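Following: one structure in structure tokens, then a few remarks.
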Amino acid sequence: MGFVPDESFQEVTRGAVTIDTEEELQKKWQASKDRQQPLRIKLGVDPTNPQLHVGHAVPLRKMRQFQDAGHQAVLIIGDYTACVGDPSGRDKTRPTLTHDQVRENAETYLQQAWKILDKDRTELCWNGDWFREMSFLDVIALCGRTTVARQLERDDFQKRFSGGLPINLHEFIYPLMQAWDSVKVRADVELGGTDQTFNLLLGRDLMRQEGLEAQVCMTLPLLVGTDGSRKMSKTYGNSIGITDSPEEIFGKTMSIPDEAMRDYFTLATDLSLSEIEEKLALNPRECKGFLARTLVRLYHDEAAAEAAEQHFVQVFSKGGIPDDIEEYAVQGDLLEDGKVWIVKLVVEAGLSSSNNEARRNVQAGGVRLDDLRVDDADARVELSDGMVLRVGKRKFRKLKLV
RNA sequence: GGGGGUGUGCCCGAGUGGUUAAAGGGGCUUGGCUGUAACCCAAGUGCGUAAGCUACGUUGGUUCGAAUCCAACCGCCCCCA
């Protein structure tokens, strides 16, 4: 049968690294059209971290594209799987969370996810709903559906095993749980990062074992972090949070390496492919500025995007000070003869975490009062109301005398 | 159950009795450079105004002196069963 991919099919497959298998997806797509029945698109998320970043947003955006093409989004909150911890791509066992923590995280997670997904057209499930019901015997039966050899084929376990690092038994169960989710929700397509390949494919096996039509697995690239090398992750400190302030999103985006811009455009924004090419043809600074504005607009709005850019130009390009600075009310007992020890001031204002650190900052020439460098760590300085204290390029406090 | 290893600062990792607050790297901070909060370069990086204090899994010992030796305990890894 000659499948003619329509525009939304192209949109929905764009950016995918692998589709297992594309033929099956075409078939499902066509059947869905013929029968007027939307495909069920599954995305499972473990709310291990309440802070979503633009890397997490990649599969969510993909899900949104499916929604826009008229398909049924099935978002699974892994309240049980989060308690196990996904071993994918990890070189050590994930710390497990308590169920209460997970429920709490899930709350904030969802709030953020609805910035991307269309809430009214999303079917929301908690996998605890079915795992809670299972008896120990059921669990054992589930474990019997795969083998140790298959588990050890995985590159991450392989590495840990040969490197003498621990693999806890419960980590073997994780993929089975995720695969079982697919059975329970009768997924037609499951989305995930490339690191999810193993888990995704196991879903196909279990579905077949259950006599269901196997899901299609679509893997998406992992977005690199702001360092341009490792995948975006909060623990690497290279992430851009979708709840970050406009200034932060803008600044962090400006700090990505030029080579990463294409990935960011294709994976993290909703620009069309031709628009992306157009922007990439600009000079790198303008292009990156556009990218930064686009990201801010996505998670805040147009006005915020403009303000963030102005802030960036003001503070970093011109080295000036921003308009709205957090105030610090100088405590009276810091003053001796109307003067204050610079080190103490920096610490009390919350710009350094210890006296020694503050002293270092001063000695390195990173501390300024109203643009005047203070580089003597013993200095006692006179203050006036409204003075701006600055540490490094990006930490400011407006001093308020009481 | 038997045997062998191992546990160091935010992370990785050197260090087997004394100038060790502890090499080296990563990270981070500050400075310089820059279109950039990137790259690169440089410096710094336990706490304390200071005297000094705290730190090498835990506890207790040996010693003038221990991250370094001993004992027990706790955690982890490997091999054999």
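Each chain gets a letter, A, B and so on, in the order its sequence line appears, and its residues count up from 1. Here the structure is a predicted model, which is why all the values come from computation and not from measurement.
- A:Ser239 places no side-chain N or O within 3.5 Å of a backbone atom of A:Met232 that could act as its donor or acceptor partner.
- At a threshold of 4.0 Å, the pair A:Asp244-A:Lys252 counts as salt-bridged, since one of the basic side-chain nitrogens sits closer than that to a carboxylate oxygen.
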Table of protein N/O atoms under 3.5 Å from nucleotides 75-81 of chain B N/O atoms:
from: B:rC77; atom 1: O3'; to: A:Gly164; atom 2: O; distance (Å): 3.3
from: B:rC77; atom 1: O2'; to: A:Gly164; atom 2: O; distance (Å): 3.2

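- The backbone N or O of A:Ser245 lies less than 3.5 Å from a partner atom in the side chain of A:Glu248, making a donor-acceptor pair.
- Here A:Ser354 does not reach the OP1 or OP2 of B:rG46: none of its side-chain N or O atoms lies under 4.0 Å away.
- Taking the C1' atoms as reference points, B:rU8 lies 10 Å from B:rG57, given to the whole Å.
- Using a 4.0 Å cut-off on heavy atoms, the residues of residues 288-312 of chain A that approach RNA chain B are A:Lys288, A:Phe312, listed by number.
- On the C1' atoms, B:rC56 is 14 Å away from B:rU6, given to the nearest whole Å.
- Geometrically, A:Arg132 does not engage A:Trp126 in a cation-pi contact defined by less than 6.0 Å to the ring centre and at most 45° from the axis.
- The separation of B:rC10 from B:rA22, taken at their P atoms, amounts to 15 Å, rounded to a whole angstrom.
- For A:Glu11, the side-chain contact (heavy atoms from CB on, under 4.5 Å) partners two or more places apart in sequence, or in a different chain, are A:Arg14, A:Gln65.
- Atom name P, nucleotides B:rU19 and B:rA67: the rounded distance is 9 Å, in whole Å.
- Listed by first residue number, the stems of RNA chain B with at least three Watson-Crick or G-U pairs below 3.5 Å are B:1-7 with B:74-80, B:10-12 with B:24-26, B:27-32 with B:40-45, B:57-61 with B:69-73.
- With sequence neighbours left out, the side-chain contact (heavy atoms from CB on, under 4.5 Å) criterion links A:His300 to A:Pro246, A:Ile249, A:Val296, A:Ala304.
- A 6.0 Å sphere centred on NZ of A:Lys395 holds more than 12 heavy atoms belonging to other residues, nucleotides or ligands.
- Here A:Leu25 contributes atom CG and A:Leu39 contributes atom CG; the two are 7.0 Å apart, rounded to the nearest 0.5 Å.
- Proximity of A:Arg390 to the phosphate of B:rG31: no side-chain N or O atom is located under 4.0 Å from OP1 or OP2.
- A cation-pi arrangement is absent between A:Arg397 and A:Tyr328 under the rule of less than 6.0 angstrom and at most 45 degrees off the ring axis.
- Aromatic ring orientation, A:Trp29 versus A:His71: tilted (interplanar angle from 30° to 60°).
- Across the P atoms, B:rA38 and B:rG46 are found 23 Å apart, a figure rounded to whole Å.
- With P as the reference atom, B:rA51 and B:rC47 are 15 Å apart, rounded to whole Å.
- Residues from residues 356-367 of chain A that place a heavy atom under 4.0 Å from any atom of RNA chain B, listed by number: A:Asn356, A:Arg359, A:Arg360, A:Asn361, A:Ala364, A:Gly365, A:Gly366.
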